[in-house]
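Below is one structure, written out as structure tokens; comments come after it.
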Amino acid sequence: MYDTKAIMRKAFRISKVRNESAIRIRVPGGHLDAAHLSVIRELAETFGNGTVHLTTRQGYEIPGVKLTDLGAISRHMAEMIADIEVACGVVLESPEDGYPAAGTRNVCACIGNRVCRFANFDTTALARKIEQAIYPNHTHLKVAITGCPNDCIKAHLHDIGIVGTVVPEYDPSRCIGCEACLDNCKKKITNALSFEDFAITRDEDYCLRCGECILKCPTGAFSRGKKLYRILLGGRTGKRNPRLAQTFVENATQDIVLGICRNLHRFIATYIDQSKAKEHMGYIIDRTGFDTFKSFVLEGLTLGPDVKVVQPTNPGYVYPRRP
Ligand code: SF4
Ligand code: SF4
Ligand code: SF4
């Protein structure tokens, strides 16, 4: 007889195949040293069925391992998981015992500015800092980071989504009036630019701070100003009430992002309905109210005059329940 709860808390999955499990490996930010792939291959070929699944959360899952081998597997992958977590600043006390928790899911990120020209920051670096802020922990929490408002990582479907933004700075002395920035914003984004009196003006109320006008400008009249973050709240999938996240904080600094992430578990631990196996944060906020959530997660943070805190209002889609 196995303690399935204890097995799952160490990030192993309980398989539908009797006496089998699957190994799950966290990859914060979805970015890994290639050397670790040889360990993943060894694990799959030695303990699993020789295959590896890429998870929806950018981790690895190795199916077909025997429940009797979990101790040996933990010892075999100890150096690798310690190395991955140390890169995030997380020190695992006993890596030879495997992961200490699984509730807080792998932090996902798009590829960011190491590769993508649209990216406004290094998503992997931030993912690793957030991993340090939220892991290990048993509370169920999903965080994703997207380098620009294109949201390739689907941050709008997470409890917390971090969107990289940039303030475009305009130098009229370099502007030749070609309107390439304006045409692009009008066609593809929010039509936030106007050309009047031989100069471009940007409407703050409509600008998403995606930074595409900077990329389009042939003369450098638009350049990169402050990098700030938009924090989205309350996204989720799920059977009955899926929902897109909405803006919670606009113009957040990295310190605010990390401070909020650190405070999330305290809110969840205080208000979670213990009768439910793993109540998701969005449902807890629905129950306790936004103001309670806000006062917990902003506690101790200095917001500054440019930071805006907004209450998300999207109820999501509710599949009707038969009366
Ligand atoms: S979300 Fe933006 S930065 Fe990230 S991969 Fe997509 S386009 Fe690039
Ligand atoms: S940052 Fe994006 S939304 Fe804002 S003006 Fe430039 S292109 Fe338009
Ligand atoms: S793309 Fe650059 S040069 Fe052309 S109108 Fe816009 S700011 Fe001026």
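Start at 1 and go down the list; that is how both ligands and their atoms are numbered.
Under the 4.5 Å side-chain contact rule for hydrophobic residues, Ile285 and Ile272 share a cluster. Transitive grouping of hydrophobic side chains (ILVMFWY, heavy atoms separated by less than 4.5 Å) keeps Val167 and Val163 in distinct clusters.
Using a 4.0 Å cut-off between charged nitrogen and carboxylate oxygen, Arg209 and Glu250 count as a salt-bridge pair. A salt bridge does not link Glu212 to Lys216: none of the charged nitrogens lies less than 4.0 Å from a carboxylate oxygen. The pair Arg202-Glu204 meets the salt-bridge criterion, since a charged nitrogen lies less than 4.0 angstrom from a carboxylate oxygen. Here Lys66 pairs with Glu20 in a salt bridge; the nearest charged N to carboxylate O distance falls below 4.0 Å.
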message: Determine whether Met80 and Ile25 satisfy the following criterion, side chain to side chain contact (heavy atoms under 4.5 Å, CB included), listing intermediate values before the conclusion.
response: CA-CA 10 Å; Met80 175 185 68; Ile25 295 157; 3.8 Å; yes

message: For a side chain to side chain contact (heavy atoms under 4.5 Å, CB included) check, start with the C-alpha distance between Asn106 and Arg24, then their side-chain angles and the critical distance, and finish with the verdict.
response: CA-CA 10 Å; Asn106 189 48; Arg24 286 189 285 187; over 6 Å; no

message: For Leu258 and Ile130: C-alpha separation, side-chain torsions, deciding distance, then whether side chain to side chain contact (heavy atoms under 4.5 Å, CB included) applies.
response: CA-CA 6 Å; Leu258 294 174; Ile130 290 179; 3.8 Å; yes

task: Tell me, with the steps shown, if Thr124 and Arg114 meet side-chain hydrogen bond (donor to acceptor under 3.5 Å, both in side chains).
output: CA-CA 9 Å; Thr124 304; Arg114 281 169 296 104; 2.3 Å; yes

- request: Apply the test side chain to side chain contact (heavy atoms under 4.5 Å, CB included) to residues Thr123 and Ile111: give CA-CA distance (whole Å), side-chain angles for both, the deciding distance (0.1 Å), then the verdict.
  value: CA-CA 7 Å; Thr123 49; Ile111 196 154; 5.7 Å; no

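Set against the non-hydrogen atoms of Thr219, the atoms of ligand 3 under 4.0 Å away are 3 (S). Atoms of ligand 3 lying under 4.0 Å from any heavy atom of Cys175, numbered from 1 in the order shown and given with element: 3 (S), 5 (S), 7 (S), 8 (Fe). Taking every heavy atom of Ile189 and a limit of under 4.0 angstrom, the matching atoms of ligand 2 come to 3 (S), 7 (S). Within ligand 2, counting atoms from 1 as listed, the ones closer than 4.0 Å to a heavy atom of Arg209 are 1 (S), 4 (Fe). If you number the atoms of ligand 2 from 1 as listed, the ones under 4.0 Å from a heavy atom of Pro168 come out as 1 (S). Close approach of ligand 3 to Tyr170 (heavy-atom distance below 4.0 Å) involves ligand atoms 7 (S). Numbered from 1 in the order shown, with element, the atoms of ligand 3 that lie under 4.0 Å from a heavy atom of Cys217 read 1 (S), 2 (Fe), 3 (S), 7 (S).
Closest to atom 8 (Fe) of ligand 2 among all protein heavy atoms lies Cys185 SG, 2.3 Å. The nearest protein atom to atom 2 (Fe) of ligand 2, hydrogens excluded, is given as Cys210 SG, 2.3 Å; this is a heavy-atom distance. Residue, atom and distance of the protein heavy atom nearest to atom 5 (S) of ligand 3 are Glu179 N, 3.1 Å. From the protein, the heavy atom lying nearest to atom 3 (S) of ligand 2 is Leu208 N, 3.4 Å. Among protein heavy atoms, the minimum distance from atom 4 (Fe) of ligand 2 is reached at Cys207 SG, 2.3 Å. Distance from atom 7 (S) of ligand 2 to its nearest protein heavy atom, with residue and atom name: Cys213 N, 3.4 Å. Regarding atom 6 (Fe) of ligand 3, its nearest protein heavy-atom neighbour is Cys181 SG, 2.3 Å.
Around atom 8 (Fe) of ligand 1, protein atoms of type N, O or S found under 2.8 Å number 1.
With a heavy-atom cut-off of 4.0 Å, Leu193 touches ligand 2 through its side chain alone. Contacts between Thr190 and ligand 2 below 4.0 angstrom, taking non-hydrogen atoms only, involve the side chain exclusively. In Ala221, the part holding a heavy atom less than 4.0 Å from any atom of ligand 3 is the side chain. At a heavy-atom distance under 4.0 Å, only backbone atoms of Asp151 (N, CA, C or O) approach ligand 1. Using a 4.0 Å cut-off between heavy atoms, Ile176 contacts ligand 3 through both its backbone and its side chain.
Side chain of Tyr319 to backbone of Pro242: no donor-acceptor contact under 3.5 angstrom is found. Checking side-chain atoms of Tyr170 against main-chain N and O of Ile200 turns up a donor-acceptor pair under 3.5 Å. Remark: the backbone N or O of Leu244 is paired with a side-chain donor or acceptor of Asn314 at under 3.5 angstrom.
Between Phe290 and Phe248, the gap from one ring centroid to the other is short of 6.0 Å.
The shortest separation from a heavy atom of Phe195 to ligand 3 is not under 4.0 Å, leaving the residue out of contact. Under a 4.0 angstrom heavy-atom cut-off, Pro218 registers as being in contact with ligand 3.
The closest side-chain donor-acceptor pair between Thr253 and Asp255, if any, does not fall under 3.5 angstrom.
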